[in-house]
A.B. asks: 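Mind having a look at this structure? Questions to follow.
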Amino acid sequence: ATLEPGYSLPPPSTDVQPPTGGLHELAVSEGSRVEASGWAADGGGGVVAAVEVSWDGSRYHPAELETVDADAEWRFQWGALAWERAHGDPPPRELSRVWLRLTDDS
């Protein structure tokens, strides 16, 4: 592919550190409803762009970022809506850990 005349590529990102994150709270209630909250940080000079949560390590669901910033809090809910429970695999009742997939802006 070639660039149109008058356009140029942006400089490469200097952010080489991946974002980090963790869990504040995790709860599974009646009907396999999952609620979780946590933190995410990008120490490489960028911002946290997305957090995704999985309870089986293969299917990830988007969490809601409270702010798009270098340090962010996130919340996640699954199973409150009937269509969520009807489609996809519900978490086990004894869910004690989740996987996080974090994305920054670089």
Side-chain angles (χ1 to χ4, degrees):
T2 58
L3 290 173
E4 294 288 324
Y7 289 94
S8 62
L9 292 174
S13 174
T14 58
D15 181 0
V16 295
Q17 282 186 331
T20 59
L23 196 62
H24 290 313
E25 185 177 359
L26 174 63
V28 180
S29 59
E30 203 60 40
S32 296
R33 182 176 173 162
V34 177
E35 294 186 33
S37 65
W39 62 274
D42 184 11
V47 298
V48 177
V51 175
E52 296 170 288
V53 179
S54 175
W55 49 81
D56 62 7
S58 64
R59 179 178 291 163
Y60 283 81
H61 307 273
E64 180 182 330
L65 286 172
E66 292 183 8
T67 60
V68 176
D69 204 344
D71 295 307
E73 298 289 318
W74 58 266
R75 292 177 298 155
F76 174 75
Q77 232 182 48
W78 187 90
L81 304 173
W83 71 266
E84 291 174 320
R85 294 186 304 275
H87 302 284
D89 298 323
R93 291 277 303 143
E94 66 280 351
L95 181 66
S96 62
R97 71 175 184 168
V98 293
W99 287 261
L100 299 178
R101 185 162 55 192
L102 307 166
T103 306
D104 64 11
D105 63 336
S106 60

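Keep in mind that what you see is a predicted model, and the values were worked out from it rather than measured. Along the sequence shown, residues are numbered consecutively beginning with 1.
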A.B. asks: Applying salt bridge (charged side-chain N to carboxylate O under 4.0 Å, His left out), name anything that partners Arg75, two or more places apart in sequence or on another chain.
C.D. replies: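 Counting only residues at least two positions away or on another chain, Arg75 forms a salt bridge (charged side-chain N to carboxylate O under 4.0 Å, His left out) with Glu64, Glu66.
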A.B. asks: For the CD atom of Glu35 and the OG atom of Ser29, what is their distance to the nearest 0.5 Å?
C.D. replies: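 The OG atom of Ser29 is 6.0 Å from CD of Glu35, to the nearest 0.5 Å.
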A.B. asks: Nearest 0.5 Å, please: how far is CZ in Phe76 from CG in Leu23?
C.D. replies: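 The CZ atom of Phe76 is 11.0 Å from CG of Leu23, to the nearest 0.5 Å.
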A.B. asks: Any heavy-atom pair between the side chains of Asp42 and Val47 that's under 4.5 Å?
C.D. replies: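 No; the side chains remain at least 4.5 Å from each other.
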A.B. asks: May I ask whether Val68 and Leu100 are part of the same hydrophobic cluster, defined by side-chain heavy atoms of I, L, V, M, F, W, Y residues being less than 4.5 angstrom apart, directly or through others?
C.D. replies: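 Per the 4.5 Å side-chain linkage, Val68 and Leu100 are co-clustered.
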A.B. asks: Shared ILVMFWY cluster between Leu65 and Val34, side chains joined below 4.5 angstrom?
C.D. replies: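 Same cluster.
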A.B. asks: If you round to the nearest 0.5 Å, how far is OG1 of Thr103 from CD of Glu52?
C.D. replies: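 Taking CD in Glu52 and OG1 in Thr103, the distance rounds to 5.5 Å.
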A.B. asks: Determine yes or no for a side-chain-to-main-chain donor-acceptor pair under 3.5 angstrom, with Asp105 supplying the side chain and Gly46 the backbone.
C.D. replies: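 Between the backbone of Gly46 and the side chain of Asp105 there is no qualifying donor-acceptor contact (under 3.5 Å).
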A.B. asks: Quick check on the hydrophobic clustering: are Leu26 and Tyr60 connected, directly or via other members, by side-chain heavy-atom contacts under 4.5 Å?
C.D. replies: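 No; tracing contacts between hydrophobic side chains, which count when under 4.5 Å, never links both residues.
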A.B. asks: Once you round to the nearest 0.5 Å, how far does CH2 of Trp99 lie from CG of Asp56?
C.D. replies: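 CG of Asp56 is found 7.0 Å from CH2 of Trp99.
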A.B. asks: Tell me the closest heavy-atom pair linking Ser54 and Arg59, and the distance in Å.
C.D. replies: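 Residues Ser54 and Arg59, closest heavy atoms: OG-O, 2.9 Å.
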A.B. asks: With a 4.5 Å heavy-atom cut-off, do Trp74 and Val48 have their side chains touching?
C.D. replies: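 No; the side chains remain at least 4.5 Å from each other.
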